[in-house]
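Nothing here was measured: the structure is a model prediction, and the numbers come from that model.
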Amino acid sequence: MSPAVLRLKRRPDFLRVAASGRRWVTPGLILQARRQPTGVANDAAASAVRIGFTVSRKVGNAVARNRARRRLRAAVERVVGVHARGGQDYVVIGRAGTLRRPFCALVADLEAALRRLDSYCPDRPDDDTARPPA
RNA sequence: CCAGACGGCCGGAUGGCCGCCUUCCGUGCGCGACAGCGUGGCGGGGGGAGGAAAGUCCGGGCUCCACGGAAACACGGUGCCGGGUAACGCCCGGCGGGGGCGACCCCAGGGAAAGUGCCACAGAAAGCAAACCGCCCUGCUUCGCUCUCACGAGCUUCGCGGGGUAAGGGUGAAAGGGUGCGGUAAGAGCGCACCGCGCCCCCGGCGACGGGGGCGGCACGGUAAACCCCACCGGGAGCAAAACCGAAUAGGGACGACGGGCCGGCUUGUCCGGCAGGCGCGUUUCCGCGCUGUCGUCCGGGUUGGUUGCGCGAGGCGUCCGGCAACGGGCGUCCCAGAUGAAUGGCCAUCUCCUCUGCCGCUCCGGCGGCGGAGGAACAGAACCCGGCUUACAGGCCGUCUGGCACU
């Protein structure tokens with residue numbers, strides 16, 4: 001089953017994912033992920049994926065930032081719905097390379113980042129605090 | 001055909017696959033008091049960034065706050081004239097000055113006889129008339145020459161003194177009108193002509209101003225993006241405005257219950273005031289400031305959030321009329337983005353254009369044509385809305401006009 005994909009819009013959510021979530025850096029993008037807090041996920045959206053985008057001023061002017069966010073969104077539409085694990089919050093961060101990188105490489109970057117972050121907690125979708133500290 | 005001036009317009013095109021926001025219609029689901037309400041279910045139709053959306057520099061609408069009216073003062077802005085406009089510092093048409101062979105372009109363009117200030121460097125002198133080198137006259141002295149028998153006279157060199165002058169030299173951004181002729185010892189508006197300047201009158205123009213005439217020998221330098229004067233305009237803040245709905249927590253108020261050391265007051269209530277105690281802060285003592293226990297109910301304010309504000313408008317397009325134009329008016333027609341971690345797109349293919357490059361052919365050796373390859377596609381993203389200004393911008397199209405060259 002493919003989980004529902006919701007948009008992350010609140011600033012506290014972004015700060016929470018950035019503060020203690022896991023991250024992986026690729027040439028085209030940076031992916032951050034964290035398990036959703038238990039109070040947020042009700043029964044209907046228990047397996048939903050929530051995702052947010054961050055493109056800072058370092059990428060360029062407003063036109064460049066819009067284009068970077070749209071390419072990232074298009075890549076997310078292809079990848080996240082089928083491959084991402086539910087119950088997680090993700091934040092995709094645009095970089096300077098997001099604009100110049102070929103689209104297929106951008107998709108591959110996202111898949112690789114997802115695989116890399118999933119491997120940190122392969123079999124415990126509901127509990128990431130019980131991980132042994134590194 | 002070449003070079004140029006001005007004005008207007010466009011801002012890659014087509015197709016395929018997958019999406020986003022909004023709106024309408026149909027339908028499903030849920031809740032219902034059977035009025036309806038909710039819906040991030042489904043299907044279909046419509047719409048969806050710019051000429052600058054930008055900078056946030058002016059002018060407005062709109063919202064809140066302040067304000068009895070008017071005037072004055074202060075502060076800020078504007079500054080040739082006449083129009084346009086809701087308004088403007090914008091636009092149009094003129095005037096004046098400057099530039100260009102020309103089409104055209106540029107101008108912070110009110111007042112310097114209201115007052116104050118400043119004019120560096122250079123220069124003799126920078127604002128009130130003066131005089132450094134000169135030029136001229138003259139007195140004395142001096143070197144010589146000529147004439148004379150002689151006394152002397154004339155010319156001349158060096159120097160000192162008295163006077164005249166502002167033509168010339170030189171300095172400067174600027175030196176008390178300019179050019180020419182006359183005039184003079186040399187000169188000078190000293191005189192005259194023209195030009196400039198000032199005043200007066202007449203004519204044309206709504207006006208800025210222009211044209212003509214007369215008078216005046218010329219007085220009145222520049223700087224107002226120095227203060228200033230004059231005329232006109234101007235309340236403040238801004239959609240994070242403002243209105244509404246409204247959790248959780250902390251704090252505020254009222255009421256009730258329980259609990260409160262001492263003193264004082266009386267309207268004797270477990271009412272009011274004070275002190276002590278406790279806690280916190282300022283560095284400790286002194287001293288000062290703030291708060292006074294617990295629970296419950298209610299009220300007001302109010303942050304995150306949500307809704308409204310929020311798009312029928314100084315609106316777009318077409319056409320006719322008035323006007324040189326900016327623009328105004330009539331008629332017809334259209335509804336044309338409303339996001340809010342922020343929609344309006346992502347990917348692919350073909351075409352178009354530009355740059356580099358490989359091969360072949362032609363060549364007047366500057367290049368041109370054909371077939372390929374690689375890279376690139378300007379500036380830039382609505383955020384309450386309009387009117388302007390300014391700045392950025394690959395490439396292209398259209399029109400009018402000017403100056404050349406060639407041909408008929």
Side-chain angles (χ1 to χ4, degrees):
Chain A
M1 119 178 195
S2 62
V5 178
L6 301 178
R7 197 67 183 276
L8 210 60
K9 290 186 175 179
R10 304 274 164 78
R11 178 171 169 80
D13 294 332
F14 282 85
L15 292 178
R16 190 175 47 78
V17 173
S20 53
R22 305 174 310 276
R23 53 186 273 144
W24 184 251
V25 180
T26 71
L29 53 88
I30 300 171
L31 183 68
Q32 294 176 331
R34 198 191 186 191
R35 195 183 64 84
Q36 291 168 4
T38 53
V40 170
N42 52 26
D43 296 333
S47 64
V49 168
R50 299 198 304 170
I51 193 152
F53 299 92
T54 293
V55 180
S56 74
R57 297 283 296 272
K58 282 186 288 187
V59 175
N61 60 13
V63 176
R65 293 199 302 271
N66 277 340
R67 183 166 160 81
R69 191 188 322 109
R70 285 162 177 161
R71 296 192 84 204
L72 291 177
R73 208 175 58 199
V76 162
E77 284 169 6
R78 296 195 176 193
V79 173
V80 167
V82 286
H83 292 307
R85 194 153 39 85
Q88 295 259 103
D89 285 347
Y90 299 95
V91 171
V92 184
I93 301 174
R95 313 185 65 192
T98 306
L99 292 175
R100 297 194 310 268
R101 202 156 169 80
F103 190 70
C104 56
L106 203 60
V107 172
D109 283 346
L110 184 58
E111 288 175 343
L114 272 177
R115 218 170 287 125
R116 190 75 188 198
L117 292 183
D118 281 345
S119 72
Y120 275 99
C121 46
D123 292 322
R124 266 183 256 217
D126 292 329
D127 189 2
D128 63 349
T129 58
R131 275 188 298 122

In Watson-Crick or G-U wobble terms, both distances under 3.5 Å, what is the partner of [N]?
N: B/rC244; value: B/rG306
N: B/rG4; value: B/rC401
N: B/rC356; value: B/rG373
N: B/rG12; value: B/rC351
N: B/rA54; value: B/rU390
N: B/rU179; value: B/rA193
N: B/rA166; value: none
N: B/rC362; value: B/rG367

Nearest-nucleotide pick for [X], side chain only, options being [options]:
X: A/Ala62; options: B/rC347, B/rG341, B/rG381; answer: B/rG381
X: A/Phe14; options: B/rG341, B/rA342, B/rG346; answer: B/rG341
X: A/Ala74; options: B/rG346, B/rA380, B/rA49; answer: B/rG346

Rounding to the closest angstrom, what is the interatomic distance between [N] and [M] at atom [atom1]?
N: B/rC262; M: B/rC258; atom1: C1'; result: 22 Å
N: B/rG117; M: B/rU179; atom1: P; result: 35 Å
N: B/rU156; M: B/rC132; atom1: C1'; result: 27 Å

Identify whether the glycosidic angle of B/rC336 places it syn (within 90° of 0) or anti.
->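 It is syn.
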
Since syn is defined as within 90° of 0, does B/rA74 count as syn or as anti?
->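 Anti conformation for B/rA74.
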
Counting only side-chain nitrogens and oxygens, does [X] get under 4.0 Å of the OP1 or OP2 atom of [N]?
X: A/Arg73; N: B/rG345; result: no
X: A/Arg71; N: B/rC347; result: yes
X: A/Arg67; N: B/rA380; result: no
X: A/Arg70; N: B/rU344; result: yes

Report the residue (A/Ala75 or A/Val63) whose heavy-atom-nearest nucleotide on RNA chain B is the more 5′ of the two.
->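 Closest to the 5' end, via its nearest nucleotide, is A/Ala75.
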
Toward the 5' end of RNA chain B, by each residue's nearest nucleotide, A/Val91 or A/Arg78 =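 With A/Arg78 and A/Val91 compared, the 5'-side residue is A/Val91.
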
Provide, to the nearest angstrom, the distance between the [atom1] atom belonging to [X] and the [atom2] atom belonging to [N].
X: A/Leu72; N: B/rG345; atom1: CG; atom2: C1'; value: 13 Å
X: A/Arg50; N: B/rG341; atom1: CZ; atom2: C1'; value: 13 Å
X: A/Arg57; N: B/rG381; atom1: CZ; atom2: C1'; value: 14 Å
X: A/Glu77; N: B/rC17; atom1: CD; atom2: P; value: 17 Å
X: A/Asn66; N: B/rA54; atom1: CG; atom2: C1'; value: 14 Å
X: A/Phe103; N: B/rG19; atom1: CZ; atom2: C1'; value: 11 Å
X: A/Arg101; N: B/rG346; atom1: CZ; atom2: P; value: 19 Å
X: A/Asn61; N: B/rA378; atom1: CG; atom2: C1'; value: 13 Å

Any ion pair linking A/Arg50 and A/Asp89 (charged N to carboxylate O, less than 4.0 Å)?
->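 A salt bridge is present here (some side-chain N lies under 4.0 Å from a carboxylate O).
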
Describe the nucleic acid contact of A/Phe53 in one word from base, sugar-phosphate, nothing, applying a heavy-atom distance below 4.0 Å.
->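 Base, at least one base atom sits under 4.0 Å.
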
Would you mind classifying the nucleic acid contact of A/Arg65 as base, sugar-phosphate or nothing, using non-hydrogen atoms under 4.0 angstrom?
->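 The residue A/Arg65 makes no contact with any strand.
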
Say whether A/Phe14 and A/Val25 are linked into one hydrophobic cluster, either directly or through other cluster members, by side-chain heavy-atom distances under 4.5 angstrom.
->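 Result: yes, single cluster for both.
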
What is the distance from atom CZ of A/Arg23 to atom CG of A/Leu31, rounded to the nearest 0.5 Å?
->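 Between A/Arg23 CZ and A/Leu31 CG, I get 10.0 Å after rounding to 0.5 Å.
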
